[in-house]
Amino acid sequence: VRVILAPSTIGVNISKITCLYSKSSFIINETSNIIMKKKTVLFASCLLGTLAFSSCEKNLYDESKQPEKELQMKDLDIPADFQWKLTRTAEGTVSANTPTMVSLFLDEKCSEKEKIATILVHDGESKLPLSIPTYVKTLYAQYETGPNEKESISVRINEDGSFSLPIAQSVTTQTRSVTRGSDKDTGHDIEEDIRYSQGVVYHPKKDWGTIMYEDQFPILGDYDFNDFVINYKVKFNAYKKKGNEYMSDLMTIKLRIKARGGIYLYYPYLRLKEIDQKDVESVKITDPKTTDKEFEVKYMDKEKFIIDCSDLILNLPQPAGSRYFNVEKTALVDTEELPEFEIEIKLNTAKEVKEILEDDEFDLYIARKDGEKTEIHANGIEPAFYKYPFNNPDLLPVYESDGDEEDDNYYFSKERLIWGLRVPGNVAHAIEAADFLKAYPGFKKWATSGGKNEQNWYGQGNADKSLLIYND
C-alpha cells in the first residue's frame, strides 16, 4: 500500500505524528511506572511476608524450649587422665603396747560385711596395706580393752592414703582354739578358722565386690554393663614373719556368676599377676555350697598363674522363656542358685600383702574360645594371650610414636570409655537394655568429673530400683 501526501499537508501531518508519538511515549512511560510501582509493592510485600514468616518460624522453634537429647554413655565427656578406679590401696602404720587383735571396718557401725581386716598388732610399729573404696576418708578400728569389753575408734585416711593407728590401751590377745562353726557371742564364723588365726586382710572387703563387662570389644556396646557380671572376694592370711611388713602365704578367692546378658559366649579366667606357678604349693577349687564337690584345676600357662574358671558357667540355670541369665525382671534367679567357686591357694614363697592386694594384680577377665579368642580385661590391664588390635583407630594408642608402651591405655576407646567396670561392693546390675545413667544417676557426675565427685554413686541410695536386679 502506498500513501502519497500532498506537499502542503506534509508539515501538518508530521506535527500530528509527532504529537501522537509524544502522547504514546507518555502513556507507555506512565504504564511502565505503574508496573514498576506494582512490582516494587509486590516485592516489598513478599519481603515483609518472608520476614514475618521467618519471625514466626523463629518463635515456633525456640531452642531453649526444645526437649533435650537423651544423653547416652557414648556422649559423656571423659577427662583424659581418668582411670575409672573406685578403690585405692591405703598404707598406714599400726602399733600397740601389747600384742592385740584389731579389726578394721569401712562403716561406723563396724558391720561384719564392711570388715576389711582383722590383724594381730604386735609390739612396736608395723606397716599395714588395706584396699579401700575411693570415697572412704575414715576407717573404724575395734579391739578388746578388757573381758567382754571393746573399744572402737575412728582412723583418718590422709590424702596420700596414709593413716596411723596407735593402740594405747588393750588386753593381750590370747591364742585360742578355733573350730569350724559359729560363735554367736563374737560373730566369729567359718571364715575365721585356725588357718587365719594370726590375721586376715580382705579385698575389697568381707562382702562381695563386682566386675561388670560389656562384651562387644573393640566395638562400643549398649553400656548397660550386664553382658557378664561376676562377684568376687579375696581373703589373705596376714602375719609378720620378719621386719615390719605383713606377709601372706595363703589366700581364698570366691567367685560367683551374677548375670549374663551378652550376645557372645564368654568364659571367666583368673590371673594373679604377682604370682608365678613356681610360687604355688597347691591349688584347690571347690563348690562352697556342696563341700564334697571338687573341680579340676585348669592352668592356662606353664609359668604364669592363670586358671580357667569356665566350669562356673557350664550349667547356668535357665529360667523359662529367657535366653539370658538373671537380667530380666520376669526371669530372676535366686541368690542361692548363683554358681560359686572357692579357690584356695597355698604359696611356698610368702608374698608381701601389698604386692598382691591391688586391683590390677587381681585380674579376673573374660575370654571367648572361638575365632580370635577375644579377651576383655579391666582398663589398663594387658591381655594374657589375645592379640590386641593395636592399630584400631577407635582405641587409645598403646604404643607411642617413639615405640614406648603406654600400659595404662589398654582397653580404652578413643573416647576413653571402657569395657570392664570394677566396683568394691555387691552392686546391683542393670536389667537388659536399661539406661545405666538412669539406673545410677550419680554415675555421670563421677565419670565426667574424673572420679572426683559422686565416688559412692553405687551405694548412696538414689538408684532407680526398677532398672536394677539385686542379689545378696
Side-chain angles (χ1 to χ4, degrees), residues 70-76 84 210-232 255-270 308-333 337-339 363-379 381 383-389 392-395 410-423 427-440 443 466-471:
E70 189 169 305
L71 188 70
Q72 297 181 350
M73 192 78 72
K74 301 169 187 177
D75 300 323
L76 298 183
W84 297 85
T210 309
I211 302 179
M212 300 180 286
Y213 282 107
E214 281 289 308
D215 73 348
Q216 296 190 49
F217 179 84
I219 299 172
L220 299 179
D222 56 3
Y223 281 96
D224 52 14
F225 277 118
N226 72 3
D227 292 345
F228 201 106
V229 183
I230 186 167
N231 286 137
Y232 69 97
L255 307 178
R256 183 175 74 173
I257 299 298
K258 198 175 184 186
R260 198 175 72 182
I263 60 176
Y264 300 114
L265 183 55
Y266 275 87
Y267 298 87
Y269 295 83
L270 174 65
D308 184 344
C309 301
S310 299
D311 288 342
L312 261 176
I313 67 168
L314 292 184
N315 297 302
L316 290 180
Q318 196 76 26
S322 175
R323 62 189 180 122
Y324 302 117
F325 176 71
N326 205 28
V327 295
E328 298 162 300
K329 292 280 189 179
T330 57
L332 298 178
V333 179
E337 295 183 32
L338 300 177
D363 181 19
L364 182 57
Y365 68 95
I366 60 174
R368 293 174 65 171
K369 295 187 177 184
D370 60 346
E372 298 179 351
K373 295 180 171 56
T374 303
E375 296 177 16
I376 304 179
H377 297 251
N379 57 286
I381 300 179
F385 307 105
Y386 168 58
K387 186 177 179 181
Y388 193 80
N392 190 320
D394 294 326
L395 301 176
Y410 279 106
Y411 293 96
F412 272 110
S413 76
K414 64 182 180 182
E415 299 87 358
R416 210 165 182 82
L417 294 174
I418 59 174
W419 284 265
L421 179 63
R422 191 195 304 259
V423 183
V427 65
H429 60 276
I431 61 175
E432 182 58 24
D435 185 337
F436 199 82
L437 299 180
K438 290 181 179 178
Y440 286 106
F443 182 87
S466 68
L467 299 176
L468 297 169
I469 294 176
Y470 293 81
N471 290 98

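These values consider heavy atoms only, across backbone and side chains, with no hydrogens, waters or symmetry-generated copies.
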Could you work out, with side chain to side chain donor-acceptor pair (under 3.5 Å) as the rule, every residue matching [X], not counting sequence neighbours?
{"X": "Tyr266", "answer": "none"}
{"X": "Arg256", "answer": "Asn231"}
{"X": "Asp227", "answer": "none"}

So which heavy atom on [X] is nearest to which on [Y], and how close?
{"X": "Lys258", "Y": "Leu338", "result": "O-CD2, 4.0 Å"}
{"X": "Ile469", "Y": "Glu328", "result": "CD1-N, 3.7 Å"}
{"X": "Ala259", "Y": "His429", "result": "CB-NE2, 3.4 Å"}
{"X": "Asp224", "Y": "Ala434", "result": "CB-O, 3.5 Å"}
{"X": "Thr210", "Y": "Val427", "result": "OG1-N, 3.2 Å"}
{"X": "Ser466", "Y": "Ile431", "result": "O-CD1, 3.9 Å"}

ring-ring contact (aromatic ring centres under 6.0 Å, His included) partners for [X], two or more places apart:
{"X": "Phe217", "result": "Tyr388, Tyr411, Trp419"}
{"X": "Tyr324", "result": "none"}
{"X": "Tyr386", "result": "none"}
{"X": "Tyr440", "result": "Phe436, Trp457"}

query = Just by modelled atom types, is the Tyr267 backbone N or O under 3.5 Å from a matching donor or acceptor in the Ser310 side chain?
reply = no

message = I'd like to know if the side chain of Asn326 and the backbone of Val333 have a donor-acceptor N/O pair within less than 3.5 Å.
response = yes

Rounded to the nearest 0.5 Å, what separation is found between the [atom1] atom of [X] and the [atom2] atom of [Y]?
{"X": "Glu214", "Y": "Ile219", "atom1": "CD", "atom2": "CD1", "result": "12.0 Å"}
{"X": "Asn226", "Y": "Leu467", "atom1": "CG", "atom2": "CG", "result": "11.5 Å"}
{"X": "Phe325", "Y": "Arg260", "atom1": "CZ", "atom2": "CZ", "result": "8.5 Å"}
{"X": "Asn471", "Y": "Glu337", "atom1": "CG", "atom2": "CD", "result": "10.0 Å"}
{"X": "Gln216", "Y": "Ile376", "atom1": "CD", "atom2": "CD1", "result": "9.0 Å"}
{"X": "Tyr365", "Y": "Leu270", "atom1": "OH", "atom2": "CG", "result": "9.0 Å"}

Applying salt bridge (charged side-chain N to carboxylate O under 4.0 Å, His left out) as the test, list every pair that has at least one member in [range]; sequence neighbours left out.
{"range": "residues 370-379", "value": "Arg368-Asp370"}
{"range": "residues 428-440", "value": "Glu70-Lys438"}
{"range": "residues 308-318", "value": "Lys298-Asp311, Asp308-Lys369"}
{"range": "residues 411-422", "value": "Asp359-Arg422, Asp394-Lys414"}

Residue from Leu421, Leu417, Leu437 passing side-chain contact (heavy atoms from CB on, under 4.5 Å) with Tyr223 = Leu417

key: Heavy-atom side-chain contact between Ser322 and Thr330 under 4.5 Å   = no

message = Measuring only between side-chain heavy atoms, which start at C-beta, is Leu255 closer than 4.5 Å to Pro268?
response = no

Parallel, tilted or perpendicular, as decided by the 30° and 60° cut-offs, for the rings of Tyr213 and Phe228 = perpendicular

query = Should Phe412 and Tyr410 be marked as a ring-ring contact (aromatic ring centres under 6.0 Å, His included) after you check the CA-CA gap, both sets of side-chain angles, and the distance that decides it?
reply = CA-CA 6 Å; Phe412 272 110; Tyr410 279 106; over 10 Å; no

Partners meeting salt bridge (Lys or Arg N to Asp or Glu O under 4.0 Å) with Asp215 (sequence neighbours left out) = none

